[in-house]
Amino acid sequence: MKTVRVAVVGAGVVGFSTAVCIVEALPICSVTLLAEKFSPDTTSDVAAGMVLAEVFPDIPLERQRRWFKDGFDHLLDIAQSEHAPEAGVLLTSGCQIFKEVPAEMKPFWSDIVIGFRNMTDLELKRFPNHKFGQVFTTLKCECSIYLPWLEKRFRKAGGRVEQRKVNSLQELSNNFDIIVNCTGLGSRTLVGDNQVHPIRGQVFKMEAPWLKHFIRDGDGMSYIYPGIHSVTVGGTKQVGDSRLQLDQGDSKSILERCRKLEPSLRKAKVLHEPVGLRPGRRSPRVDKELVELRGRQVPVVHNYGHSGWGVSFAWGTARDALGLVRQCLHEMPLQAKL
């Protein structure tokens with residue numbers, strides 16, 4: 001059998017998860033990951049990395065549940081193994097609070113996370129502006145540690161890494177038999193997907209080692225997520241905004257909102273204030289198509305558009321993308337495989 005050459009484009013959490021899944025499962029494939037930027041310069045590096053989710057409108061709920069469960073189980077295995085410190089994955093407990101009782105009191109992932117329950121009146125007393133809350137244990141993935149660990153795992157399995165900007169799929173058509181597109185926001189230009197748009201996120205990384213439990217406002221705007229080396233305090237969800245520079249107005253608003261939830265943040269030291277652009281899309285795109293590139297039909301698998309939920313869904317959608325690559329292998333003409 002001839003080796004099938006696979007290109008994975010994109011080095012964020014979705015790209016590396018997909019590349020690892022393919023290289024570990026399909027020995028027939030020679031896998032190269034190509035990207036212009038790697039950790040610590042990816043969007044994933046700015047992410048808080050909490051395993052939570054909201055519902056995507058165009059994806060069957062059962063499929064979203066599977067994505068979430070695959071991601072949760074994968075990260076839980078790491079968190080409970082000797083690799084946890086070097087992979088930057090940890091269990092974290094805390095609460096999600098709501099100013100009004102939500103229509104959906106139990107999210108679709110409530111039985112996948114650990115120990116999910118509603119908050120008691122006594123627990124809610126701490127948050128006088130909120131009427132309802134949930135307590136649970138989930139996972140946090142520090143992407144600036146996790147991405148280099150995934151890259152090491154990818155290389156160990158025989159994967160190759162190339163740092164270069166891919167301007168068009170045509171550039172890859174001569175050297176690869178299958179292309180896997182995990183470019184997130186880059187898919188807007190790379191494959192002309194106008195559904196993809198930036199969602200600007202600005203956060204603080206703060207030194208507050210006394211904070212051990214996360215707090216998230218159910219609207220997703222205010223959150224405090226303790227991690228290994230710092231606490232992520234945020235944030236913003238500015239749709240269509242592609243500014244990467246710091247906005248002092250946002251900084252002030254974030255601090256005001258989060259200090260109301262956690263007054264001790266007044267004593268926290270600011271380490272830095274990163275800004276990132278989430279790859280916004282109504283729903284992620286995980287599918288395949290045949291694209292005519294330089295006179296030949298090349299299978300292209302897409303896995304992008306996870307909005308703010310890349311860490312939660314990366315492993316689940318990567319497994320779906322692996323399934324699509326398998327389909328491409330079966331559909332290839334026999335002479336291409338010999």
Donor-acceptor pair, S251 side chain versus D247 backbone, under 3.5 Å?
-> yes
Those residues that, when tested against D287, pass side-chain hydrogen bond (donor to acceptor under 3.5 Å, both in side chains) (two or more places apart) | R285
Evaluate ring-ring contact (aromatic ring centres under 6.0 Å, His included) for F127 paired with F132, printing each intermediate quantity in order.
-> CA-CA 9 Å; F127 308 108; F132 181 77; over 10 Å; no
Under the salt bridge (Lys or Arg N to Asp or Glu O under 4.0 Å) rule, collect the residues that match up with R160, sequence neighbours excluded.
-> none
Please work out which of the three classes, parallel, tilted or perpendicular, describes the rings of Y304 and H302, given edges at 30° and 60°.
-> perpendicular
May I ask you to check whether F56 and F313 place their ring centers less than 6.0 Å from one another?
-> yes
Does the separation of the ring centres of W67 and F72 fall below 6.0 angstrom?
-> no
Scan side-chain atoms only and decide if D217 and H130 contain a donor-acceptor pair under the 3.5 Å cut-off.
-> yes
Donor + acceptor pair across side chains of S144, D45 (<3.5 Å) = no
Could you name each residue pair satisfying ring pair (Phe, Tyr, Trp, His ring centres under 6.0 Å) that touches residues 73-97, not counting sequence neighbours?
-> H74-W315
Check the hydrophobic clustering (I, L, V, M, F, W, Y; side-chain heavy atoms under 4.5 Å; chains of links allowed) and say if V298 and V4 are grouped together.
-> no
Just by distance, with hydrogens left out, do E262 and S264 show a side-chain donor and acceptor under 3.5 Å apart?
-> yes
Can R200 and D250 be said to form a salt bridge (charged side-chain N to carboxylate O under 4.0 Å, His left out), step by step?
-> CA-CA 11 Å; R200 183 178 177 276; D250 287 336; 2.9 Å; yes
